[in-house]
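Working notes, beginning with the structure itself.
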Amino acid sequence: MSNDYNNNTGLIILNNIPESIKPGWGSFLLFYYNSYIKHVPYCIKRLQKIGINSEDWSKARDIGENILKFSKENPFFVPSSYLTLAHNIAKMIDRIANPSSSSDRREEWKIPFLAMETAIYFKDSVLENDIESTLSLFTRVPELKNTIKNSKDFVLFKRINDILWINWYSDLEHDLNPTYKYQNYLPDIFILKKSNASIESIANRILQIEKDIIKLPGDKENCKIVASAIYNLKY
């Protein structure tokens with residue numbers, strides 16, 4: 001996969017993500033690389049933990065300085081784009097935590113490019129697709145701005161997305177029209193989960209999407225299995 005992200009596309013992506021969600025979104029990006037980085041620097045582990053809770057965002061400046069220090073002390077760390085990505089995410093969270101901050105937002109526009117550059121380094125198509133999906137989510141499904149209210153919501157939404165992709169959509173993909181995007185219906189499932197809907201209610205909505213929207217026969221038992229995984233998510 002080539003890296004087609006630049007400052008202009010980065011600006012579009014960041015402008016589509018509400019400020020209250022960006023810290024969780026940034027932290028979630030970093031989590032994807034944990035299986036690929038042999039020794040995740042402690043400062044980046046700290047950064048991953050603070051994205052979800054707004055009470056911790058004030059720690060981002062100190063963490064960002066620690067990432068910069070680590071980068072200078074470890075000039076041969078690879079990929080270097082990973083450290084720059086983490087530093088830029090820390091600066092973004094610090095700006096959101098401190099509205100009076102004079103942080104240069106242009107550094108934030110580089111986050112999508114750096115995220116994809118890091119994924120490409122590992123030459124793993126699964127990782128590249130995960131990063132691309134996370135980067136484009138709010139651009140592809142604009143109504144998410146009205147559905148996801150904070151970073152915790154975003155993390156829950158992404159977990160639902162991953163369950164649907166791994167346990168449901170990937171099995172159906174070969175039968176679908178290429179213009180069909182299952183993410184268009186993710187907000188429905190997310191809202192059901194947030195409202196503590198039953199497994200049966202979630203399964204019925206997934207089955208309805210299969211039969212009435214995708215126009216497939218529908219597999220009720222598999223829909224129940226997928227719905228159960230979503231129902232049991234903790235947030």
Side-chain angles (χ1 to χ4, degrees), residues 1-33 48 51-52 57 81-82 84-86 88-93 95-96 103-122 124-166 168-170 172-173 176-194 209 213-214:
M1 181 182 290
S2 62
N3 193 346
D4 297 323
Y5 294 94
N6 54 40
N7 277 11
N8 288 333
T9 53
L11 172 61
I12 293 169
I13 287 170
L14 269 296
N15 279 348
N16 274 291
I17 304 173
E19 291 284 275
S20 62
I21 296 169
K22 286 177 181 176
W25 173 83
S27 295
F28 207 91
L29 277 175
L30 292 172
F31 273 114
Y32 280 118
Y33 306 108
Q48 291 173 343
I52 298 176
W57 294 350
S81 58
Y82 172 72
T84 309
L85 169 66
N88 285 10
I89 289 172
K91 290 176 68 176
M92 176 181 71
I93 297 174
R95 177 189 61 75
I96 294 169
S103 178
D104 188 350
R105 288 200 182 197
R106 287 175 294 184
E107 296 299 305
E108 297 175 25
W109 304 346
K110 297 176 183 177
I111 289 174
F113 172 83
L114 291 166
M116 185 54 69
E117 195 74 3
T118 302
I120 290 172
Y121 172 85
F122 293 106
D124 186 313
S125 60
V126 173
L127 176 62
E128 291 173 13
N129 288 332
D130 283 340
I131 294 299
E132 194 280 331
S133 173
T134 303
L135 292 176
S136 64
L137 188 59
F138 285 87
T139 306
R140 187 179 295 163
V141 192
E143 60 268 27
L144 289 185
K145 290 182 182 180
N146 302 319
T147 305
I148 300 177
K149 303 300 182 183
N150 52 51
S151 288
K152 287 184 178 180
D153 277 358
F154 175 76
V155 171
L156 175 62
F157 185 89
K158 275 298 294 174
R159 287 174 177 163
I160 293 172
N161 175 86
D162 292 345
I163 288 172
L164 288 171
W165 169 253
I166 295 169
W168 179 63
Y169 182 77
S170 59
L172 305 177
E173 194 173 18
L176 302 180
N177 184 308
T179 61
Y180 174 78
K181 298 294 184 184
Y182 81 101
Q183 287 177 328
N184 293 340
Y185 304 95
L186 266 170
D188 295 357
I189 309 299
F190 173 79
I191 290 170
L192 284 172
K193 168 63 179 172
K194 285 281 289 183
I209 293 170
I213 299 173
I214 307 178

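- In this structure, L144 and L186 have side chains that are not in contact, with every pair of non-hydrogen atoms separated by 4.5 Å or more.
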- Should K91 and E108 be marked as a side-chain contact (heavy atoms from CB on, under 4.5 Å) after you check the CA-CA gap, both sets of side-chain angles, and the distance that decides it? CA-CA 8 Å; K91 290 176 68 176; E108 297 175 25; over 6 Å; no

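- Checking side-chain atoms of Q48 against main-chain N and O of L30 turns up a donor-acceptor pair under 3.5 Å.
- Scanning both residues, I148 and I21, for their nearest heavy atoms gives O-CD1, 3.2 Å.
- At distances below 3.5 Å, at least one donor-acceptor pair connects side-chain atoms of S20 with backbone N or O atoms of K149.
- Nearest heavy atoms, E128 versus I120: OE2-CA, 3.6 Å.
- With hydrogens and angles disregarded, a donor-acceptor distance shorter than 3.5 Å links the side chain of W57 to the backbone of G51.
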- Message: Please determine whether side-chain contact (heavy atoms from CB on, under 4.5 Å) holds for the pair T147 and F157, giving the CA-CA distance in whole Å, both sets of side-chain angles, and the decisive distance to 0.1 Å.
- Response: CA-CA 10 Å; T147 305; F157 185 89; 5.5 Å; no

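- Salt-bridge annotation for E117 and K110: absent, with no side-chain N of the basic residue lying under 4.0 Å from a carboxylate O of the acidic one.
- Partners of R159 by side chain to side chain donor-acceptor pair (under 3.5 Å), not counting sequence neighbours: none found.
- With hydrogens and angles disregarded, a donor-acceptor distance shorter than 3.5 Å links the side chain of T9 to the backbone of N6.
- The two residues L156 and F190 make their nearest non-hydrogen contact at CD2-CE1, 3.8 Å.
- Considering every non-hydrogen atom in both N88 and E107, the closest pair reads ND2-O, 2.9 Å.
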- Task: Show your working on salt bridge (Lys or Arg N to Asp or Glu O under 4.0 Å) between R95 and E19 and close with a plain yes or no.
- Result: CA-CA 10 Å; R95 177 189 61 75; E19 291 284 275; 2.8 Å; yes

- Query: Hey, mind stepping through Y121 and S81 against side chain to side chain donor-acceptor pair (under 3.5 Å) and telling me if it holds?
  - Reply: CA-CA 9 Å; Y121 172 85; S81 58; over 6 Å; no

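- To the nearest 0.5 Å, atom CG of residue L11 and atom CG of residue N7 are 8.5 Å apart.
- Annotation for K152: atom NZ does not count as buried by contact number, only 12 or fewer foreign heavy atoms lying within 6.0 Å.
- Nearest heavy-atom pair across G10 and P112 is CA-CG, 3.8 Å.
- Counting only heavy atoms from C-beta outward, the side chains of L137 and K158 approach each other to under 4.5 Å.
- For Y5 (side chain) and A115 (main-chain N/O), no donor-acceptor pair under 3.5 Å exists by modelled atom type.
- Listed here is the closest heavy atom pair of I160 and I189: CG2-CG2, 4.0 Å.
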- Task: Any chance you could lay out the side-chain contact (heavy atoms from CB on, under 4.5 Å) test for N161 and S133, step after step, and finish with the verdict?
- Result: CA-CA 10 Å; N161 175 86; S133 173; 4.2 Å; yes

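- A side-chain donor-acceptor contact under 3.5 Å links W25 to the backbone of T134.
- Of the possible polar contacts, one joining the S151 side chain to the G24 backbone as a donor-acceptor pair under 3.5 Å is found.
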- Query: Taking it one step at a time, do Y33 and L85 satisfy side-chain contact (heavy atoms from CB on, under 4.5 Å)?
  - Reply: CA-CA 11 Å; Y33 306 108; L85 169 66; 3.7 Å; yes

